[in-house]
Amino acid sequence: MALKGAEIIKRLPKTNCKECGYPTCFAFAMKLATGGAKLEDCPYLPPEVRAELEAAMAPPIKLVTIGTGDNALVIGEEEVMFRHEKSFFHETGIAILISDKESESDIEERIKGIKELHLERIGQKLKINLLALFFESGEKAKFEALVKKAHETTNFALILISEDTDVLFSGASLCADRKPLVYPITKENVSSAIPKLKELGTPAGVKGESIEEIVSLTSNLKDTGVEEIVLDPGSKNIREAVRDQTLIRRAALKKGFRPLGYPTISFPCFMYHDRFKEALAAATLTTKYAGIVVVSQVDKHFLSPLLVHRFNIYSDPRRPMTVEEKVYEISNPNEYSPILITTNYALDFFIVSGAIEEANIPAYLCIKDTGGIGVMAAWTSGKFNGEAIADFFKKYGVGDKVKHRKLIIPGVAKKLKGELEEELPDWEIIFGPLEASDIPRFLSEEWKQ
Ligand code: SF4
């Protein structure tokens with residue numbers, strides 16, 4: 001939202017007719033400025049004023065959708081330079097490069113590997129978003145066969161990469177219903193590409209040799225009605241890429257410079273042949289500020305850390321990560337299995353549950369809703385004290401699950417023991433280890449004893 005209420009009011013009719021549902025034009029302007037009202041609610045705005053306000057109030061970075069349905073990738077509309085200022089909203093799409101030069105069996109193997117890569121973290125499924133299909137063979141038929149295979153055998157959003165515009169749009173027409181990103185649109189091919197982009201309704205991946213070149217290309221495209229644009233400043237290494245990505249984001253957010261107000265794409269796969277450097281570039285550009293990163297590797301040791309890194313960067317820092325309150329059964333526990341309790345702060349849950357699994361001893365893990373705050377802070381605020389835990393035991397019938405009466409509490413919660421002995425007089429309260437990493441040893445040695 002670029003305009004403030006005081007600037008909006010200057011353009012309103014100022015009749016206070018109330019037809020927008022607000023008592024005055026001023027109240028309407030204030031609501032508009034915070035995104036709580038829509039321009040169309042005022043029927044008295046002259047078309048030119050409405051167009052001017054629409055343009056001025058549009059998000060500084062346009063929202064662009066690649067693909068369709070549940071697998072569409074939505075990027076853009078970011079509002080801040082740094083995650084801690086608010087949040088990053090639309091996570092970087094991770095694309096895997098597939099060249100039409102590869103053999104059919106290699107392509108199939110690659111696609112299979114991408115499809116099979118599933119990772120879950122804090123209840124969220126982490127996945128690859130796009131296939132980047134690369135015309136490298138010099139044979140149009142091979143590229144078309146690759147596009148058909150990707151289109152028919154997967155649901156991924158697609159990027160088509162070809163310097164040959166004829167091949168590029170021929171491929172795009174084979175999968176236009178998937179709304180692929182066509183790349184690169186350059187100063188050499190932009191004139192011939194515009195009618196095809198408009199006809200197919202696909203987003204354009206604009207490539208320039210410099211930021212200045214991109215500005216002229218996006219202005220040209222916008223003037224002809226092509227507005228779904230993704231920018232590639234042509235960076236050749238990680239240093240250039242961070243510089244260019246930062247400059248683009250800063251120009252869009254801080255200066256409101258519309259020709260650079262689009263999400264970006266970056267190609268670590270073309271920057272480095274060394275997979276570690278490629279991984280480093282992909283992780284860095286996920287942080288700053290690529291809308292899409294294209295990588296060449298499909299093995300899980302390369303992709304899993306990247307997926308988790310993206311998850312961390314795009315989680316909302318204003319909200320603690322939590323898991324559901326309940327009694328988790330780990331490895332089919334029975335009536336003699338240990339009972340442990342901790343908070344629903346997601347990291348507590350994952351560290352403790354992981355340690356129990358590592359111990360290979362079936363257990364009940366009680367997760368108490370503390371609003372996502374850790375053990376000591378939750379105890380201080382009364383969300384994880386004796387009374388709250390006793391209520392949890394009643395609510396979930398914890399005592400009915402086992403024949404023993406032993407509860408293992410976090411080793412750091414020293415003051416909790418006395419409270420629990422009062423609230424749960426039948427139970428023996430046992431301190432677990434101070435460090436979760438010691439849980440496997442604790443369960444194998446002390447619990448078994
Ligand atoms: Fe003002 Fe328009 Fe609302 Fe009437 S409808 S009060 S003119 S903003």
Side-chain angles (χ1 to χ4, degrees), residues 1-66 68-69 72-91 179 194 197-198 201-204 206 214-231 247-264 289 291 314 316-319:
M1 185 75 55
L3 278 189
K4 293 197 165 66
E7 291 160 326
I8 296 171
I9 184 68
K10 289 180 195 160
R11 294 159 172 91
L12 297 183
K14 295 196 256 323
T15 59
N16 298 333
C17 71
K18 302 186 178 57
E19 281 189 45
C20 55
Y22 294 89
T24 61
C25 293
F26 182 78
F28 180 66
M30 291 301 146
K31 211 68 188 170
L32 266 181
T34 55
K38 296 191 195 98
L39 279 171
E40 50 266 34
D41 293 340
C42 172
Y44 301 111
L45 282 178
E48 65 281 4
V49 174
R50 186 168 161 169
E52 185 199 351
L53 284 172
E54 261 169 6
M57 292 166 64
I61 299 177
K62 187 167 169 49
L63 199 69
V64 173
T65 303
I66 300 158
T68 50
L73 175 74
V74 180
I75 48 176
E77 269 196 16
E78 298 300 337
E79 297 177 11
V80 291
M81 293 297 296
F82 303 103
R83 174 181 176 270
H84 62 259
E85 291 177 87
K86 191 172 186 180
S87 176
F88 291 165
F89 293 101
H90 294 104
E91 66 179 20
K179 208 180 164 205
I194 284 172
L197 286 166
K198 292 176 80 170
T202 56
V206 166
I214 287 182
V215 169
S216 122
L217 280 165
T218 57
S219 304
N220 188 354
L221 286 164
K222 187 168 190 300
D223 289 347
T224 57
V226 177
E227 296 213 51
E228 289 224 280
I229 297 170
V230 178
L231 311 178
L247 200 150
I248 290 170
R249 167 91 45 122
R250 190 168 280 282
L253 292 189
K254 301 293 181 191
K255 304 287 180 194
F257 188 59
R258 295 283 172 192
L260 292 178
Y262 300 95
T264 59
Y289 293 104
Y314 280 84
D316 189 338
R318 298 166 297 178
R319 275 185 288 158

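Reckoned from all heavy atoms, side chains included, excluding hydrogens, waters and symmetry mates. When a ligand or atom number is given, it counts from 1 through the structure's own listing order.
Taking the ring centre of Phe88 as origin, the terminal cationic atom of Arg249 falls inside the region bounded by 6.0 Å and 45° from the ring axis.
For atom 4 (Fe) of ligand 1, the closest non-hydrogen atom on the protein side is Cys17 SG, 2.3 Å. In this structure, atom 8 (S) of ligand 1 lies nearest to the protein heavy atom Phe28 CD2, 3.4 Å. Atom 1 (Fe) of ligand 1 has as its closest protein heavy atom Cys25 SG, 2.2 Å.
For Cys20, the nearest N, O or S atom to atom 3 (Fe) of ligand 1 falls under 2.8 Å. The nearest N, O or S atom of Cys42 is closer to atom 2 (Fe) of ligand 1 than 2.8 Å.
A distance of 4.5 Å separates CZ in Phe89 from CD in Glu79, rounded to the nearest 0.5 Å.
Contacts between Lys14 and ligand 1, counted as non-hydrogen atom pairs separated by less than 4.0 Å, are absent for every part of the residue.
Close contacts between ligand 1 and Thr15 involve ligand atoms 7 (S) [criterion: under 4.0 Å to a heavy atom]. Each of the atoms 6 (S) of ligand 1 lies under 4.0 Å from some heavy atom of Asn16.
Nearest heavy atom pair, residue Lys179 against residue Thr65, reads NZ-O, 3.0 Å.
At distances below 3.5 Å, not a single donor-acceptor pair connects side-chain atoms of His90 with backbone N or O atoms of Val74. Side-chain atoms of Asp41 do not come within 3.5 Å of backbone N or O of Cys20 as any donor-acceptor pair.
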May I have the step-by-step check of salt bridge (charged side-chain N to carboxylate O under 4.0 Å, His left out) for Glu77 and Lys62, ending in yes or no?
CA-CA 5 Å; Glu77 269 196 16; Lys62 187 167 169 49; over 6 Å; no

